[in-house]
Amino acid sequence: MTPFRPVLTALAASLLLASLPGHAADTNARDFFSAPVGTSLGVLYLPVTWADSFHSASGKDNHARLNVEALAWRQLWFSDICGTLCTPQFIIPAAHIKATLPGSQTSQQDSGIGDPQVGGTLFFINQPDKREYSGLLTLITLPAGSYDARHPDVSAGANRWAATFLYNYTHGVGKSWVLEASLEAQFYGNNDNYLGNSLKQQPLYRLQAFASYDFTPDTYGALRLYHTRGGTLRLNGQTLSDTRQNSTQLGVELGHWLSKQDQLMLMLARNVHTTNSFDSSQAMLRLVHVF
């Protein structure tokens, strides 16, 4: 096997996994709004990600394709078991992935359960009257998802441990605006069965920012910005050049409370700048039920 294929497929695989719900701490506007102790939330995510090109250091590959149809269930509880407000939670994702990888003329696809995540948010500031919140979200990814060593690039599981840490600060401005910013770091274990090789990814860092506005007491809209850097890959201990990701995504969200217990949110987003990444777009429907 030539080095060319592992380099491209390893990079593409890391980006495919990033498209899965729950793969990282993909937050939405007002995610850090708190609820009274004893409240439980069930959240269903239905995202679709697609791309018709791949941007690498050597140029644009217009033959590369990506389509990910996914869902995830997230269950969380507001508790004081930590001595302050915290939200123990778990996430179970699933996905159907179809991709034509950079440098390839043929597509491949697979479906399965993704790697589950467990963790929670520890709140440092919780002032609902001011709409001011701050907390650290920690998620541990367990390598328990569906992984096919023959087709690792489109497997829903990653065959590796991972840990994500995200610090958020949310602050209400006036009666209708809410501004938010989060700094995130993702750390990865080793995939010891990637096409017969050992694949290791360096930490990936992201900025997530939102500005949301209340149109009515039950409806809000939000602008979102994601900026991603890092994630250089190592194959069998050797650093792969031109695998460091650098991307910026812009998007909009619209949320509406259907009742006191049910909320519906629609999100649309697109990468406006990509380096060593798919030129992707994303749409997502999110349903929240308050127990």
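These numbers come from the heavy atoms of this one structure, side chains and all, not from hydrogens, waters or symmetry mates.
- The six-membered or imidazole ring of Y220 lies away from that of F215, with a centre-to-centre distance of 6.0 Å or more.
- E132 meets the side chain to side chain donor-acceptor pair (under 3.5 Å) test with Y169; sequence neighbours excluded.
- Looking at Y147 and N191, their side chains do bring a donor and an acceptor atom within 3.5 Å of each other.
- Judged by the 6.0 Å distance and 45° axis criteria, R224 is positioned over the aromatic ring of Y226.
- Ring pair F278/F54: centre-to-centre distance below 6.0 Å.
- You'll find the side chain of L254 reaches within 4.5 Å of the side chain of T219, heavy atoms only.
- Hydrophobic clustering of Ile, Leu, Val, Met, Phe, Trp and Tyr side chains at less than 4.5 Å, counting indirect connections, unites F90 with L142.
- Listed by first then second residue, pairs satisfying disulfide bond (SG atoms under 2.5 Å apart) with a partner in residues 125-156 number zero, not counting sequence neighbours.
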What side-chain donor-acceptor pairs closer than 3.5 Å can you find for residues 284-291, not counting sequence neighbours?
residue : atom : partner : partner atom : Å
R286    : NH1  : D31     : OD1          : 3.0
R286    : NH2  : Q263    : OE1          : 2.7
H289    : ND1  : D262    : OD1          : 2.7

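- Between Y45 and I91 there is no side-chain heavy-atom pair separated by less than 4.5 Å.
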Would you mind writing out the side-chain donor-acceptor pairs for residues 172-179 within the sub-3.5 Å range, not counting sequence neighbours?
none

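- Sorted by first and then second residue, the disulfide bond (SG atoms under 2.5 Å apart) pairs with a member in residues 75-130 read C82-C86; sequence neighbours excluded.
- Salt bridge absent: D115 and R160 never bring a charged side-chain N and a carboxylate O closer than 4.0 Å.
- A salt bridge between D26 and R206 is present, with a side-chain N of the basic residue lying under 4.0 Å from a carboxylate O of the acidic one.
- Salt bridge K260/D218: absent, no basic N to carboxylate O contact under 4.0 Å.
- Across all non-hydrogen atoms, the minimal contact from I113 to A156 is O-CB, 3.7 Å.
- Side-chain contact between Q108 and K98 is absent, with no heavy atoms from C-beta onward closer than 4.5 Å.
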Salt bridge (charged side-chain N to carboxylate O under 4.0 Å, His left out) between D192 and K200: does it pass, once the steps are laid out? CA-CA 9 Å; D192 60 2; K200 174 71 175 179; over 6 Å; no
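- For residues 214-266, the set of pairs meeting the disulfide bond (SG atoms under 2.5 Å apart) definition, not counting sequence neighbours, is empty.
- Between D80 and V37, some side-chain heavy-atom pair lies under the 4.5 Å cut-off.
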